[in-house]
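Here's the structure, in structure tokens; my notes come after.
Atoms considered below: every heavy atom in the structure, side chains included; atoms not considered: hydrogens, waters and symmetry mates. Values in this document were obtained by computation on a predicted structure and should not be read as measured data.
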Amino acid sequence: PTHQLRREPRHPSGARVRHARTHPVLGGRSGELPDPLPRTGTFGGDYGPINPSVDTNYQVLQKLLAEVTSLFPGGFVHLGGDEVPFKCWAANKDLVAWMKKQGIQNFNDLESYYEEKLLDIVHHLNTSYVVWEEIFNNGLHIQPDT
């Protein structure tokens, strides 16, 4: 069968954890997840995609993904990688200055920089990943089981 329902041990909340060969997806489309910051209607660089220039963001992502992969033992985590709104990054003056310092030419290259670091985090968690076509099109090194 394509989908397989397994009975898992109890979650710390007391509920039984079940999954049908699912994989967690981080992020969401408009309306699926609450916005972390109030929207002002203009891009000020203070909300949007994760800032790839901040090293502590990767530490947080590593801890988050370690917990996610322990709660969802399906073997895959969906990392997205499509339709990143570059306006947010372009409006962040600190990020643009960091890009110049690092020799990152454009926001597609910045997205690739971020995704490479994210793929490496998941790889070191011994978990496979699912990504959107844009990741392939940007020429990132993708694991064979993706």
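Across every non-hydrogen atom of A90 and V96, the tightest pair is O-CG2, 3.7 Å. Taking every heavy atom of both residues into account, I121 and Q62 meet most closely at CG2-CA, 3.8 Å.
Both L71 and L64 sit in one connected hydrophobic cluster of ILVMFWY residues. Membership requires side-chain heavy atoms under 4.5 Å apart, directly or through other members. Linking Ile, Leu, Val, Met, Phe, Trp and Tyr whenever their side-chain heavy atoms come within less than 4.5 Å puts I142 and Y114 in one cluster.
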Item to check | side chain to side chain contact (heavy atoms under 4.5 Å, CB included) between N138 and E115, worked out | outcome: CA-CA 10 Å; N138 288 344; E115 289 289 345; over 6 Å; no
Checklist entry - Can V77 and L125 be said to form a side chain to side chain contact (heavy atoms under 4.5 Å, CB included), step by step? => result CA-CA 11 Å; V77 62; L125 291 171; over 6 Å; no
Item to check | Verdict with supporting geometry, Y129 and L65, side chain to side chain contact (heavy atoms under 4.5 Å, CB included) | outcome: CA-CA 11 Å; Y129 46 80; L65 288 166; over 6 Å; no
Checklist entry - For E134 and N108, what are the C-alpha separation, side-chain angles and deciding distance, and is it a side chain to side chain contact (heavy atoms under 4.5 Å, CB included)? => result CA-CA 10 Å; E134 285 85 343; N108 284 323; over 6 Å; no
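Among residue pairs with one or both ends in residues 94-106, none qualify as side chain to side chain donor-acceptor pair (under 3.5 Å); sequence neighbours excluded. Residue pairs meeting the side chain to side chain donor-acceptor pair (under 3.5 Å) criterion with at least one member in residues 52-61, sequence neighbours excluded: N51-S53.
A heavy-atom distance below 4.5 Å is not found between the side chains of L140 and V131.
In this structure, the side chain of W89 engages the main chain of I50 through a donor-acceptor pair within 3.5 Å.
S112 pairs by the side chain to side chain donor-acceptor pair (under 3.5 Å) definition with nothing, not counting sequence neighbours. Looking at residues two or more places apart in sequence or on another chain, you find a side-chain contact (heavy atoms from CB on, under 4.5 Å) between N137 and E133. Annotation: ring pair (Phe, Tyr, Trp, His ring centres under 6.0 Å) contacts of F107 (sequence neighbours excluded): F86. Looking at residues two or more places apart in sequence or on another chain, you find a side-chain contact (heavy atoms from CB on, under 4.5 Å) between D120 and H124.
Here CG of L119 is found 6.5 Å from CD1 of I135. Values are rounded to the nearest 0.5 Å.
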